[in-house]
Amino acid sequence: LNLETSHVAEESCPVALSELCLAQVCLSLDSLCRTQPDGSLRLSWAPLLPQEMADQLLHKMAAQGTLNDRTVGIFRSCEQLRLRRACVRSSPLSAEAFRLALCPHRLQELDASGVPGGLTGAHILSGLASNPECRASLQRLTLSRLQLGWTSLEVKEEQVGFSSLQGLRTLNLANTDLTDPFLEDICTLPQLEVLDISSTPVTELSALLGCRLTLRSLTAHGLRQLDMSPARVISILSQLHALRHLDLSDDRFVSGDEAVRLLLEGGSGILPALVSLDVSGRKKVTEGAVTAFVEGRRGLLFLGLLATGAGSCDVLSGKNNLKVAGEANEKQICESLRRYRERECFTREALVHLYQLTNDMYDQTRPDILKLVLGGMQNYSKSLHVQLVASACVFNLTNQDMAVGMPHPLLSAVVHQVLEAMRSFPSHQQLQKNCLLVLCSDTILQDVPFDRFEAAKLVMNWLSGHVDRTLQRMAVAVISILVAKLSTEQTTQLGADIFIMKQLLGIVQQKAMAGVVDSTLKFALSALWNLTDETPTASRHFIQCQGLELYEEVLETYSSESSIQQKVLGLLNNIAEVEELQADMMQEDLLEHVVTLLQGPQVEVGVSYFAGGVLAHLTSRQDAWTLDQGLRQTILEQLHAAILTWALPEREMVSYRSFRPFFSLLQTSQPAGVQLWAVWAMHLVCTQNGVQYCHMLQVEGAVELLKTLSSDLDTHSNVRGMAESILGMVERHQTTSNPLRTQTEKGHHGRS
């Protein structure tokens, strides 16, 4: 399988077992290690790992952000953990920790780019040069975005010179403080083939002649301080006889460059063996110059023309083997995103053109392009400009049904970055809007794994400062679905924030005052319903925020809207389940509204069912009933009679995460009406989803309660018959189902 072309297959593949094991080791270092007197860690026990596995472990620790002075200590055990290709990219390491843990290894490659803190290039060179084996073995060194700090060490010059690493073939010093003298030292390396001096303060390139017979690739992007005539630059470059790859791009988008013009128009006599040339960002490169250059080099494999205006040359379309990074078409834009991962300005430029392109992708599922956008978001998570245009591209690529065919691991990673963008730029309205639009997708909200708890908090925070009706509707819809997917613990934590309750109730009040029935109102009611499900704190906040008074008004306002009534009564069920809050519901006006919805020719069974649930819970505790006892008896009789008229609905009406709130209603001492409502509810969900709920009855111990109820001589015949019917369903599922059952899937009252 060619994974480069089969993008869907790549993203759909399960994570490799080795990757999972390495990730677990990274998370478990404290338990796997003992602490040394200097505070560093050593593995308590370690087998002789395959050398490649040791490299992968170090790389995983760096990628996960767990590599530091303390944890890097495990690599002091050179016999068990043998490193050859070391990556400490962006990891906070001190010079001493680096020297003790990494320098004793016989390294072939080292990537120390972007290491924060006090570790400098001079420290790294000194440490590597202290190991005679490393001097000869090291072939690839990356120190980009690092302070070289030549004056920070008082050591002999040869110890910190690059020329001491005689085996070096590849050296990356992009975005460092490299100076001309050290470039001269570098160019004496006998085997140097690849050199990157981008965005450094070098002023002279004459030193390159020292490696003219070996240098195959030169990246000289954005040399702002170069002090040479264009003719002199071309003269030096033309003497690099081994050169095959040349990068003279510039992300300042400068208006032309004489050296670039001389190179393009100089004919095939200048660097005739070039297979790769990058001049992206060089404005006013003419199509004629590009045509002449391409036609003079049949072996050309890559040409960088992003932001030059020359990507539409006819000569480019006829070269099947030539890859072009530009903006003229989809192929060029995607190549730009692949090539310029390390260059923010070019990434942003390519994404801008991709956004324009994806505006017309209504019926294409393109995980390959989405993966490229994700790469840009990950590489520049703190760049507002990149996140803004990337999030817009993500929306275009996942809008409507386009997300359905996307691999879920890819979408999961994308949503993670979208949430990261929302966290990083909370006050940027357009970015927050883009991210919200991405989240408002059925496929993402229902099927894709991501941190829904964090997403719910972020969307709630956004909602507090915005009143745009369209966006408010989407935000409330997202929150409603997210809350329904949370665990009990997460719902409890979210419900503990009274601010969230106030926000949602405010939306309900706003809609109720206008008397409108729209999706925003319905989603807000659903969110509140789920937020109070088995969460006493949220239920208490609901009452503190005058929720009962508001919901009584809603019942009055929407007396003929069953969809609204059902959601209102569903939440009141949740409140009534909390014993310490039942006293707050002892209001005759409120109960009168509920009783009127218990039965009647115009009342749907869903509404009657939830009305019955409220009344069953409130009448179940005689000692807590503070209203007239005659009213309680009347309600119990009406409840019993109403339940006997209910027909099972054809569609799923309710789902439960637990039957435990029903246990008090199933006691033999309870009135028949209360018991009957509880067994009818259990019978309903077991009939509609027997596999889930029959198992739940057994796991939670409800079967024993039903057996006790069934065998009690005082149990009403209606209750006994329903209880026995449920027990029969449980028995049938026991005999037909696999005894090795998985854990019960959690449901929610509000998912109806």
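Count residues from 1 along the sequence. As the structure is a computational prediction, the values presented were derived from the model and not from experiment.
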Within a 6.0 Å radius of atom NE2 on H59, are there more than 12 heavy atoms belonging to other residues, nucleotides or ligands? no
Is the count of non-hydrogen atoms from other residues, nucleotides or ligands lying under 6.0 Å from H385 atom NE2 greater than 12? no
Let me confirm one number: the CG-CZ distance from L218 to R244, rounded to the nearest 0.5 Å. 14.0 Å
Between SG on residue C211 and CG on residue L240, distance to nearest 0.5 Å: 7.0 Å
Answer yes if the side chains of E344 and S383 hold a donor-acceptor pair under 3.5 Å, and no otherwise. yes
Return the minimal non-hydrogen interatomic distance between L67 and T71, and the atom names on each side. CA-OG1, 3.3 Å
Any side-chain donor-acceptor pair under 3.5 Å between R212 and Q239? no
For side-chain hydrogen bond (donor to acceptor under 3.5 Å, both in side chains), just list the numbers for E204 and S206, CA-CA rounded to whole Å, side-chain angles, deciding distance to a tenth of an Å, and then say yes or no. CA-CA 6 Å; E204 258 281 347; S206 301; 2.4 Å; yes
Is it the case that H123 and S126 place a side-chain donor and acceptor less than 3.5 Å from each other? no
Taking the side chain as every heavy atom from C-beta outward, state whether N172 and D111 have any pair of such atoms under 4.5 Å apart. no
Do V202 and L223 have side chains that approach each other closer than 4.5 Å (heavy atoms only, starting at C-beta)? yes
Short N-O contact, K283 and D250, less than 4.0 angstrom: no
If only atom types and distance count, is the side chain of S238 paired as donor or acceptor with the main-chain N or O of L271 below 3.5 Å? no
Using only atom types and a distance under 3.5 Å, with no angle test, would you say the side chain of T200 pairs donor to acceptor with the backbone of I197? yes
Going by the ring-ring contact (aromatic ring centres under 6.0 Å, His included) test, which pairs reach into residues 209-234, not counting sequence neighbours? H221-F346
Can you tell me how far the CZ atom of R341 sits from the CD atom of Q378, to the nearest 0.5 Å? 10.5 Å
V115 and L146: which non-hydrogen atoms are nearest, and at how many Å? O-CD1, 3.5 Å
Would the number of heavy atoms belonging to other residues, nucleotides or ligands and lying under 6.0 Å from CZ of R140 be above 12? no
Would you check if V194 and R169 make a side-chain contact, meaning some heavy-atom pair closer than 4.5 Å? no
Checking side-chain contact (heavy atoms from CB on, under 4.5 Å) for the pair L148/L125: CA distance, chi angles, key distance, verdict? CA-CA 9 Å; L148 296 181; L125 283 178; over 6 Å; no
Check R82 against A54 and note the closest heavy-atom contact, atom names and distance. O-CB, 3.4 Å
If we count only N and O atoms by modelled type, under 3.5 Å, do the side chains of S113 and R89 hold a donor and an acceptor together? yes
Is the backbone N or O of E420 less than 3.5 Å from a side-chain atom of S424, with the two atoms forming a donor-acceptor pair by type? yes
Between CG of L337 and CD of E349, what distance do you get to the nearest 0.5 Å? 11.0 Å
Is there a donor-acceptor pair closer than 3.5 Å between any side-chain N or O of E327 and the backbone N or O of A307? yes
For E52, is there an ion pair with R84 - N to carboxylate O distance below 4.0 angstrom? no
For Q51, give me all partners under side-chain hydrogen bond (donor to acceptor under 3.5 Å, both in side chains), at least two apart in sequence or on another chain. D55
Regarding D185 and S163, is there a side-chain donor-to-acceptor distance under 3.5 Å anywhere? yes
Nearest atoms (heavy-atom pairs only) where C87 meets A62: O-CB, 3.7 Å
Q332 side-chain N/O to A328 backbone N/O, donor-acceptor pair under 3.5 Å: yes
Do the non-hydrogen side-chain atoms of V386 and L351 ever get within less than 4.5 Å of each other? yes
So, do C334 and E330 sit near enough that their side-chain heavy atoms are less than 4.5 Å apart? yes
Flag if over 12 foreign heavy atoms under 6.0 Å of CZ, R298: no
Nearest heavy atoms of R70 and D30, plus distance in Å: NH2-OD1, 2.7 Å
Residue pair I333 / L306, side-chain heavy-atom distance below 4.5 Å: no
When you measure from the side chain of Y355 to the backbone of V394, do you find a donor-acceptor pair of N or O atoms at a distance under 3.5 Å? no
Stepwise, does the salt bridge (Lys or Arg N to Asp or Glu O under 4.0 Å) test hold for R216 with E193? CA-CA 5 Å; R216 297 175 56 83; E193 297 179 353; 5.1 Å; no
Dump the intermediate steps for side-chain hydrogen bond (donor to acceptor under 3.5 Å, both in side chains) on T203 and D180, then the final yes or no. CA-CA 7 Å; T203 64; D180 294 344; 2.4 Å; yes
Flag the pair L263 / L277 as yes when at least one side-chain heavy-atom distance between them is below 4.5 Å, and no otherwise. yes
To the nearest 0.5 Å, tell me how far E265 CD sits from E258 CD. 8.5 Å
Are side-chain N/O atoms of R343 and S280 paired as donor and acceptor at under 3.5 Å? no
From CA spacing to verdict: side-chain contact (heavy atoms from CB on, under 4.5 Å), H245, L274: CA-CA 6 Å; H245 307 274; L274 273 187; 5.8 Å; no
Counting only heavy atoms not in K323 (residues, nucleotides, ligands), do more than 12 fall under 6.0 Å from its NZ? no
Side chain to side chain, P47 and L49, heavy atoms closer than 4.5 Å: yes
Which heavy atom in D69 sits nearest to a heavy atom in L93, and how many Å separate them? OD1-CA, 3.2 Å
R42 atom CZ: more than 12 heavy-atom contacts under 6.0 Å: yes
Side-chain donor/acceptor of S28 to backbone N/O of V25, under 3.5 Å: no
Is there a donor-acceptor contact under 3.5 Å from the side chain of R282 to the main chain of L248? yes
Side-chain donor or acceptor of R99 paired with backbone N/O of I124 under 3.5 Å: no
So, Q387 versus S391: side-chain donor-acceptor pair below 3.5 Å or not? no
Approximate separation, where rounding is to 0.5 Å, of R348 CZ and L384 CG: 10.0 Å
Check against side-chain hydrogen bond (donor to acceptor under 3.5 Å, both in side chains), D278 and Y340: CA-CA 11 Å; D278 196 338; Y340 301 131; 2.8 Å; yes
Check the pair M406, V414 against side-chain contact (heavy atoms from CB on, under 4.5 Å), reporting the backbone distance first and the verdict last. CA-CA 11 Å; M406 292 286 187; V414 167; over 6 Å; no
Check whether R106 reaches the backbone of E133 with its side chain - one donor and one acceptor, N or O, closer than 3.5 Å. no
Might you work through the side-chain contact (heavy atoms from CB on, under 4.5 Å) test for C33 and I74, ending with a clear yes or no? CA-CA 8 Å; C33 297; I74 67 173; 3.8 Å; yes
